[in-house]
There are 2 protein chains.
Amino acid sequence: MTTINDIAKLAEVSRSTVSRYLNSNGYVSEEAKKRIMKVIEETGYMPSQSAKSLRTKKTGVIGVILPKISTETASRVVSGINKVLQQNDYQMLLTTTSQEHKKEIEFIRLLQSRNVDGILLLATNTEKPLIDAIGNATVPIVALGQDIPTISSVIYPDYLATGEMIEYMIQKGYQHIGFIGVEEYDPAVGIERKRAFVDTLTKHQLKVNKDWIMQGDFSIESGYNSMKSIINSGSDRPDAVFAVTDQIAVGAMQFLKEQQIQIPNDIAIAATGASRLAQYIEPSLTVIDFLNEEAGAIAAELLIEELTGTKAIKKIIHDYRLLVRNSV
Amino acid sequence: MTTINDIAKLAEVSRSTVSRYLNSNGYVSEEAKKRIMKVIEETGYMPSQSAKSLRTKKTGVIGVILPKISTETASRVVSGINKVLQQNDYQMLLTTTSQEHKKEIEFIRLLQSRNVDGILLLATNTEKPLIDAIGNATVPIVALGQDIPTISSVIYPDYLATGEMIEYMIQKGYQHIGFIGVEEYDPAVGIERKRAFVDTLTKHQLKVNKDWIMQGDFSIESGYNSMKSIINSGSDRPDAVFAVTDQIAVGAMQFLKEQQIQIPNDIAIAATGASRLAQYIEPSLTVIDFLNEEAGAIAAELLIEELTGTKAIKKIIHDYRLLVRNSV
DNA sequence: CTGAAAGCGCTTACAG
DNA sequence: CTGAAAGCGCTTACAG
């Protein structure tokens, strides 16, 4: 392998000079420059990043921790992150927890031992062990999807957007609205969205029927089963159901279709998540779009800011929009 | 930051001993072991990977090059890769070319300067510059999705599977079959699938109608536009169309639905790609499933094999299955 | 069973 | 404008 020493020898300069040339700092005479350029060209030399980072303590690598890669939401976020990182000459080290919480902590440590310059955490909880691990970290961490008090976070407006969607459903005339959520260790998805649901119904003096409130787990199957439970619960049927993710909604719709229950005439469905599946399913799904790709990009920008100086903790409530389609 | 020197001092041994302990090679007395363990525990020490790789020339990082992260096919492949890599204590450095070919070459170089131990390439072409870049690489590269002659490759059975699907369509009674493909710089998707289409029709003495053969670009829109062109081509309508990806098929179906053309009664649709979208769209799409996650896992295993000895070039024709649903 | 020494490929003051 | 020297945090023969 060609090293900086080889280049120095071939170009008849010292390796300090080559280094200066490579990093464009300090003076290098035009002549030296030319010789170095030529030699680098000929040899195809590329500096060793390992050696460089050992000296500079910078790797140009950002660690990304996410629960699961193979959901459309996740892949959009990653796409946004990647775009910004690439523009700023950072590389992305991707780790996935397969939805196991403790792994978030493990990866925070692991990524640091890999000397990443910063970490982007798509958090699914805000429990103490995680907060502690973040506190002990020596590199900047930016959270996406949860508000983690101690660090900069890009937060989805879960409460606000869900509230608006429920308002929309009520305006459309639905009075008996059900809800399929997820476990509450996840504050953003599990608690906030449910709270908005309950608050909005209450505000309109509509009944919150426990038989119509289910807890799934992000999967299509759990949406299917939750809807089944709602329909078979013994109480009257709701005339509309809100699902906290589009995956859950797709499962719920599947069950309704099997039962020949018309959407939206018999039961309307709305959800969070602007996947292509939600768009092309029939009827097309009315959803909250959290503009995930953009959110990923913003989180990446926030992290890069912290890397280049700013130490302030920023909280960004991300934008959203309602995509009104045919399921409500 | 705690380094191996700090640990050595605190545990009252030399750093060689600490290193031996960390890598479990060479002898370390029980007593020394205990002291070292304790100190590491207390300090939360993690060895610097940069320093380690500078010495050992191994980083434990695998570079992955893919055209686009936000397609379901890609994210499944990545998921499979990630699983195997994680099991083997490798990390994944992810780069995306945004479908720009030259970037594949750029990234092969870039990843090497990052001292990755190996590269997994989801190739979209097999042109000379790429082959050359691969030839010049100093680390093992495994290709997925294209047969790259000089290196181990996991290849989708494009010709075989497409042929079987066309056979299936013919058996179902369709005689006027159209085709929506992609550009031919991509041998696997652009050439092989088309060749299978033409050969199978020819074998059954069916006419290959040029007006029914379109070229899209992997996007839903291009599927939409291609189907539009087929319908408006002036010649008779086909009674079935095969699309080389499910995305393209979804666009094509969209157009047919807008025109009130019944699927599959008026025109049947089949495609390659087992996305959830293909599954839940109506009618559900009959597709070839290339088991992408498994393919990713196999490619990763192949690469790890090469990393640990075996230098033989292996070609693996991956498995596939037909998912017969309601669109044909 | 253990430690001293050399070296991996860089960068960075410093002296000239 | 340029080079010699030190050092980043590890591992690895080698000698004991």
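Here is how names work: the chains are called A, B, and so on, in the same order as the sequence lines, proteins then strands, and each is numbered from 1.
- Across the protein-nucleic acid pair, A/I4 atom CD1 and C/dT11 atom C1' stand 8 Å apart, rounded to whole Å.
- Separating the CD atom of A/E31 from the P atom of D/dC1 is a distance of 11 Å, rounded to the nearest angstrom.
- Rounded to whole angstrom, the span from the CD1 atom of B/I40 across to the P atom of D/dC10 amounts to 10 Å.
- In this pair, A/Y156 and A/H318 present their aromatic rings perpendicular. The plane angle is above 60°, beyond the 30 to 60° band.
- Salt-bridge annotation for B/E30 and B/K34: absent, with no side-chain N of the basic residue lying under 4.0 Å from a carboxylate O of the acidic one.
- More than 12 heavy-atom neighbours from other residues, nucleotides or ligands sit within 6.0 angstrom of NZ on B/K57.
- Consecutive Watson-Crick or G-U pairs involving DNA chain D, each under 3.5 Å on both distances, make up stems of three or more pairs at C:1-3 with D:14-16, C:5-12 with D:5-12, C:14-16 with D:1-3.
- Between B/Q49 atom CD and D/dC10 atom C1' the separation is 10 Å, expressed in whole Å.
- Under a 4.0 Å N-O distance rule, the pair B/K38/B/E42 qualifies as a salt bridge.
- Using a cut-off of 4.0 Å between Lys/Arg side-chain N and Asp/Glu carboxylate O, A/E294 and A/R76 are scored as not salt-bridged.
- Atom CG in A/D6 sits roughly 10 Å away from atom C1' in C/dG9 (whole-Å rounding).
- Of the N and O atoms on the side chains of B/T73 and B/N292, not one donor lies less than 3.5 Å from an acceptor on the other residue.
- In this model, a donor atom of one side chain and an acceptor atom of the other lie less than 3.5 Å apart for A/E104 and A/T124.
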Within the sub-3.5 Å range, which N or O atoms of nucleotides 12-14 of chain C have a protein N or O partner, and how far apart are they?
from, atom 1, to, atom 2, distance (Å)
C/dT12, O4', A/R55, NH2, 3.1

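- The separation between B/Y27 atom OH and C/dG3 atom C1' is 18 Å, rounded to whole Å.
- Not one side-chain nitrogen or oxygen of B/K52 sits closer than 4.0 Å to the OP1 or OP2 atom of C/dC8.
- Contact annotation: B/S14 reaches the phosphate of C/dG3 (side-chain N/O to OP1 or OP2, under 4.0 Å).
- A salt bridge between A/K314 and A/E306 is absent, with no side-chain N of the basic residue lying under 4.0 Å from a carboxylate O of the acidic one.
- Remark: B/Y185 OH is packed, more than 12 non-hydrogen atoms of other residues, nucleotides or ligands lying under 6.0 Å away.
- To the nearest angstrom, C1' of C/dC1 lies 17 Å from OH of B/Y21.
- Atom-to-atom, NZ of A/K58 to P of D/dC8 comes out at 16 Å; the value is rounded to the nearest Å.
- Mapping B/V13 and B/L54 onto DNA chain C by nearest heavy atom places B/V13 closer to the 5' end of the strand.
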